[in-house]
Every structure is written in C-alpha cells, then in structure tokens.
A.B. asks: 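Quick one: this structure, given as structure tokens, is what I'll be asking you about.
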Amino acid sequence: MTNISSPMLDPKTPPDVIVRLQPRKPVTDPTLGIPVSITKVGTPKNRLVTLGDSITQGFQSGAIFNTQLSYPVIIAKELGWGEMRFPTYGGPEDGLPLNLERLANDLDKQFGSNINPLEFVGAALFLRKHLDINENYWERDEGSLFPIQQDINHNLAVYGWDLRNTISRNADICINVIKQNPPKDDFLRLIVENHNERAAIRTLNSARDKNGVALSPVQAAAALGDEGTPDTEGIETLIVLIGANNALGSILTFNVAWSDTGYEDMDINDKYTVWRPIHFQAELDRLVAEVKKIRARHVIFGTVPHITIVPFARGVDGKVRQGSRYFPFYTLPWIHDRDFDPDKHPNLTEAEARAIDSAIDQYNDYITDAVRQARLEGRDWYLFEAAGLLDRLASRRYLQDPAAKPAWWDELGGAYPLPAELQALNPVPDSRFFLSGPNGRTQGGLFSLDGIHPTTIGYGIIAQELIKIMQLAGVKFYQQDGTTERPGDIRVNFSSLVAVDSLISQPPRNLIEIMDIIGELDKKFNILSGLLKRNY
C-alpha cells in the first residue's frame, strides 16, 4: 500500500490494495493507441449483444421495469436495428422487486404531495397493500411462471450479478434456488423472495444449447456468436460492462468485507462486499478468456465506476480537508448532517471509501491491460471509460469543490459536457440524490430514486459514449428502415428521452416530503438505518 497518513488509511485494507492519493486518470483513447486491422465480411446477424449487470439491464428506482429504455435498446434504435431481444417485466406494480417511482406516484394520488401526520397509519396500510399485491404477483401468480421463449436474448445482463455469475450462473441454477426455497406469505416481510433469481430466469431461460442445457450469460453470447457463417461473425458488437457488483455491496450495506477464501464460489461469496484486487484480477482473467472465444467482430469492455460517488451513500458535512475528494463519513441520503451519529447510523469512513476507490482503480487497470493485450493480439477490442464518465459528473465530489479536482481534470476537458437538451432543463440535471416537490424536480436527475442507477436520460449518456466508440470501430448506423445509412456523427435523440423519462417529464410531487418523513422516523426510532446497522 502507498505510504499515506493514518487518517486516510483503513487498517482492515488488504496488502494488495494500493491506496492512492489521486484517482486513476481516465483513458481518453478507446484504442489505447494500438492500431488493429480486421477483415469485415458481410453484416453479422446479431448486431449488438450485451453482458453486464443492473446498469446494462436497465434497472432504475429500485426495480427492473423499463428494459425498453435500457442503454442497449437505445443504441439498437440508433442502429436502426429493431430485432434486439430483451426481457420484459410488468406486473400490477410495474417491475421487480419494488418500483419506488410507482410507489411514490401512488402515494401522491392517494394522499397528495403532503402527507399529514394523522394519515401515517393510512399511508402505512396503503403501502402494505401495494407491497402485498406485488409480492403475490411474483411469488404465486402470473409473475411466478417461467417465461417460454425460443431465441436467446441479446441483452444478457442481470442485476446484482458479478464477474463469477456472468461466467457460471444460469437459469437452471436460479430455478433450483426457488424450488429449494419456496416463498412464504409473510405478513411483515413483503419484499419479493428470490427476486434476483426470478429476474434472471426471464433473461436466461431461453439461453440453452440444442440439448436444453442452460447457458450462462457468457456462454449464451458465445452461442449467438456461433450463429455466423465461416466468414462472418455472429455478433457485430459485444459490450461487456461488468464488475461494479464486486464492490457495490460495500455501500449497500455500509460494511466493507474484503473477499477471502471462496471468493469464486457463488454459494458462499455473498458475504464479501468488496473483492480484493488479486481476486478481481483472477475472475477477470477467466471472463476475458471466455470472451475471446466469442465470435464477435468488435468488443467493448467498460471500466468499473467509483461506486462511492453514487448519491445513495451521502457524504456527511464538509470535506475532511482542503482539496480532498472525500467526506468524513458516508451514510443514508435521508439522514441530515445535524442528526448523523456514527455510533448509531450505518456509515463508511473516509478511509474506507478511499480503499474501495483505490481497489476499483486497480480493477480498471486490469481491464485496461486486458483490452491492451487483446489489441496486441489483433483483436478489435475497445475500452469504455465508465469510471471516468462518472468522475466527470460527480457533483459533490468535484464539481462543487474545485480544490478537489484531480491533476488530470483540465487535461480531459473538465466536467462532462451534457447534451444541449439536458442543459436546457431547469434545474440542469446533476448527480445529487433525486428530489422533487409540488413544483417539480429540485435537484438531481442523472440518478433514479434508488440513488444508484441512472434515470433514462442517464442511460442515454452511456449510450451516446458507446455509440462514439462503435463509430470509431466502423459500425454503420441506419435509419429506422434498417437500410438507409446515416452519415456523420450519430447523436442520441435526447429530446425523445426527456419526453419518455417520467422522472424528468413528470416527477413525483412528494419526494421531498417522503424523504423528510423517512428522515424523521429514522431520527426518532432508528428504523431503517437500524436494520442496516444490524448487518454489520
């Protein structure tokens, strides 16, 4: 580890984590300066296939529901390719496991934008009714049925999955988990049981070989790659954006548990919330070896975002020191600075956040090295700087604190330039926690209501950056007829995305009120933060 002062160093940090004072400098050239020349014959049958987690699947506001607005589908629309297959999630409450936006809107319709304290009991019963409807649909009714589909999906991402899951987990494993753990109709516990497995089955149940053997996401991508001819690959562009869940558990639980023995075992590794760099590299090497077997013309590998930036983990008070990118503590977004108590509320410290970010920097060095090696081997692989993109959008870390901006900030052009359609919005979307009231959105806009996953316009930004790389690779984009080529730089239709992004066009009117109520309940009774605190 780097020799830094003790307040910046968490003593639990493993020796293979190189703790850094400065964040890793993002890579600006997706080719890494290594030229590759490939022979292109014909147009691959599957123009876009994606491997990843919640970001690629299209998760937002606590649920998977808007899969038709995921970044892969946004790209497919710009490609003029209407054949992209992806799972869908409906149900009476719109999504799995819990659609927070739908819930907020339903509360608004029932109680208005302000919930009177006298209405608390009624609101609680109202919420319980809706949660019960959602639970019954997915556990016992139509949503519990396994989907019947002949063709493998093109979007093979599953929320919550990490590198090992992408390599090894399949629909039959998920089906067996549900069969071995049948759901119970619990009066109080109303979150859908085995919701991740249920979501995964909808993505992967059709991913099987000719003998009906279930395939993992990477094996399913290989099967799509084999749909080509001897001269033409089965996949034109394969996007691999995976790895965030190898660290995300640390902020979801506010508990840093570094990976150890059994990190590669899916039956026991859920107890780890951050993978040590040596373990991440070992898992990445396995994934890269599998991806190299896939017959894809172009491969885009994404880096892992610094998950401590997402607004679900809110920095408390001011920065720890002049020029630092860190706050002294990170806690739940509804806990006010004046109420925060590190002995009472779940939290991460500055030192823990720095260690997590430093580990992610190493993950991204390994991903960059994998792309570099592939290009040296003559493979047309590219690097997508997802980490650098989020860094350049980080409001509280960098944009509101010029002294904290890293040495490379100006060299890379400063803050990420939002499309004109987004800059025209009032307020301009930013990376803070989403809040809105009777008069509309007051802050945020790039992250949805769970404080972790993008809004639809946020997914549009990811799609735009990937489209730039695809054009660099020579991928052709067409009008919606699929035959008329589109000249010049391809721009995502952000006006259209603003219109269909309900959090931007029609935000719930009661979010400020809801956050105040949750914060007050937590302050007096320590309900929600207490549940997380017991996970330590």
Side-chain angles (χ1 to χ4, degrees), residues 29-32 34 36-53 55-58 67 70-86 151-157 166 217-229 231-242 287-288 290-303 367 370-371 374-375 377-386 389 459-480 482-483 485-486 489-492:
D29 179 4
T31 72
L32 305 178
I34 302 170
V36 170
S37 179
I38 61 173
T39 302
K40 302 178 183 179
V41 178
T43 300
K45 175 182 178 181
N46 304 297
R47 298 208 60 202
L48 180 64
V49 174
T50 52
L51 295 171
D53 49 35
I55 299 298
T56 301
Q57 194 179 15
T67 48
S70 64
Y71 81 74
V73 179
I74 295 172
I75 294 173
K77 183 176 182 180
E78 299 299 336
L79 280 169
W81 187 53
E83 300 173 22
M84 186 164 197
R85 296 184 295 270
F86 53 91
D151 298 315
I152 297 174
N153 283 312
H154 294 108
N155 188 348
L156 295 164
T166 303
V218 73
Q219 290 169 334
L224 292 172
D226 289 340
E227 292 181 355
T229 68
D231 297 320
T232 304
E233 303 88 350
I235 298 172
E236 184 172 24
T237 303
L238 173 66
I239 296 174
V240 185
L241 186 56
I242 191 71
L287 177 62
V288 167
E290 293 300 319
V291 172
K292 286 182 177 180
K293 299 175 185 176
I294 300 172
R295 295 192 64 215
R297 181 171 293 177
H298 316 289
V299 174
I300 302 174
F301 248 98
T303 55
I367 292 170
V371 173
R375 291 191 68 82
E377 294 171 2
R379 302 174 188 273
D380 202 33
W381 286 27
Y382 297 83
L383 187 73
F384 165 47
E385 262 294 354
L389 174 61
Y459 281 124
I461 292 172
I462 296 173
Q464 184 67 75
E465 292 305 304
L466 286 163
I467 286 172
K468 291 178 183 178
I469 298 174
M470 292 170 70
Q471 286 203 278
L472 179 64
V475 173
K476 296 184 182 298
F477 288 73
Y478 298 91
Q479 301 290 350
Q480 294 307 299
T483 58
E485 188 173 344
R486 298 170 62 181
D489 293 337
I490 303 300
R491 292 191 67 255
V492 167

A.B. asks: Does a side-chain heavy-atom distance below 4.5 Å link Gln57 with Phe86?
C.D. replies: no
A.B. asks: From Asp489 CG over to Lys468 NZ, what is the distance, rounded to the nearest 0.5 angstrom?
C.D. replies: 8.5 Å
A.B. asks: Please tell me if the side chains of Arg375 and Asp380 come closer than 4.5 Å, counting only heavy atoms from C-beta onward.
C.D. replies: yes
A.B. asks: Look up atom CD1 in Ile239 and atom CG in Leu156, then write down how far apart they are to the nearest 0.5 Å.
C.D. replies: 12.0 Å
A.B. asks: Leu383 versus Leu32: any side-chain heavy-atom pair under 4.5 Å?
C.D. replies: yes
A.B. asks: Using side-chain heavy atoms (C-beta onward) and a distance below 4.5 Å, is Val288 in contact with Val240?
C.D. replies: no
A.B. asks: Would you confirm whether Glu78, through its side chain, and Ile490, through its main-chain N or O, come within 3.5 Å as a donor-acceptor pair?
C.D. replies: no
A.B. asks: Spell out, as yes or no, whether a donor-acceptor pair under 3.5 Å connects the side chain of Arg85 to the backbone of His154.
C.D. replies: no
A.B. asks: Closer than 3.5 angstrom, by distance alone: can the side chain of Asn155 be matched with the main-chain N or O of Ala157 as a donor-acceptor pair?
C.D. replies: yes
A.B. asks: Tell me if the NZ atom of Lys292 is crowded by more than 12 foreign heavy atoms within 6.0 Å.
C.D. replies: yes
A.B. asks: Which one of Met84, Gln464, Arg47, Met470 satisfies the side-chain contact (heavy atoms from CB on, under 4.5 Å) criterion with Ile75?
C.D. replies: Met470
A.B. asks: Any idea which heavy atoms bring Glu236 and Val475 closest together, and the distance?
C.D. replies: OE2-CG1, 3.9 Å
A.B. asks: Should we count NZ of Lys40 as having more than 12 external heavy atoms under 6.0 Å?
C.D. replies: yes
A.B. asks: Looking only at side-chain N and O atoms, does Thr483 offer a donor or acceptor that is under 3.5 Å from a partner on Tyr478?
C.D. replies: no
A.B. asks: Working to the nearest 0.5 Å, report the span between CG of Leu472 and CG of Leu466.
C.D. replies: 12.0 Å
A.B. asks: So, does Glu385 use its side chain to make a donor-acceptor pair with the main chain of Asp29 at under 3.5 Å?
C.D. replies: no
A.B. asks: Do Thr232 side-chain atoms and Val41 backbone N/O form a donor-acceptor pair below 3.5 Å?
C.D. replies: yes
A.B. asks: Give the minimum heavy-atom separation between Ala386 and Thr303, together with the two atoms involved.
C.D. replies: N-OG1, 3.0 Å
A.B. asks: Counting distance only, does the side-chain N/O of Asp226 pair as donor-acceptor with the main-chain N or O of Gly234 below 3.5 Å?
C.D. replies: no
A.B. asks: Report yes or no: does Glu233 contribute a side-chain atom to a donor-acceptor pair with the main-chain N or O of Arg297 at less than 3.5 Å?
C.D. replies: no
A.B. asks: About how many Å separate CZ of Arg491 and CD1 of Ile467, when rounded to the nearest 0.5 Å?
C.D. replies: 10.5 Å
A.B. asks: Show the nearest heavy-atom pair for residues Val36 and Gly378, with the distance to one decimal.
C.D. replies: CG1-O, 3.4 Å
A.B. asks: Supply the atom-to-atom distance Thr56 OG1 to Ile462 CD1, rounded to the nearest 0.5 angstrom.
C.D. replies: 7.5 Å
A.B. asks: Show the nearest heavy-atom pair for residues Ile469 and Pro30, with the distance to one decimal.
C.D. replies: CG1-CG, 4.0 Å
A.B. asks: For the pair Glu83 (side chain) and Asn46 (backbone), establish whether a donor and an acceptor sit closer than 3.5 Å, ignoring hydrogens and angles.
C.D. replies: no
A.B. asks: Return the CG to CZ distance between Leu241 and Phe301, rounded to the nearest 0.5 Å.
C.D. replies: 10.0 Å
A.B. asks: Testing the basics here: between Ala221 and Leu238, what is the closest heavy-atom pair and its distance to 0.1 Å?
C.D. replies: CB-CD1, 4.4 Å
A.B. asks: Do Glu290 and Ile294 come close enough that some side-chain heavy atom pair is under 4.5 Å?
C.D. replies: no
A.B. asks: Closest heavy-atom contact between Tyr71 and Tyr459?
C.D. replies: CB-O, 3.5 Å
A.B. asks: Would you confirm whether Thr237, through its side chain, and Leu48, through its main-chain N or O, come within 3.5 Å as a donor-acceptor pair?
C.D. replies: no
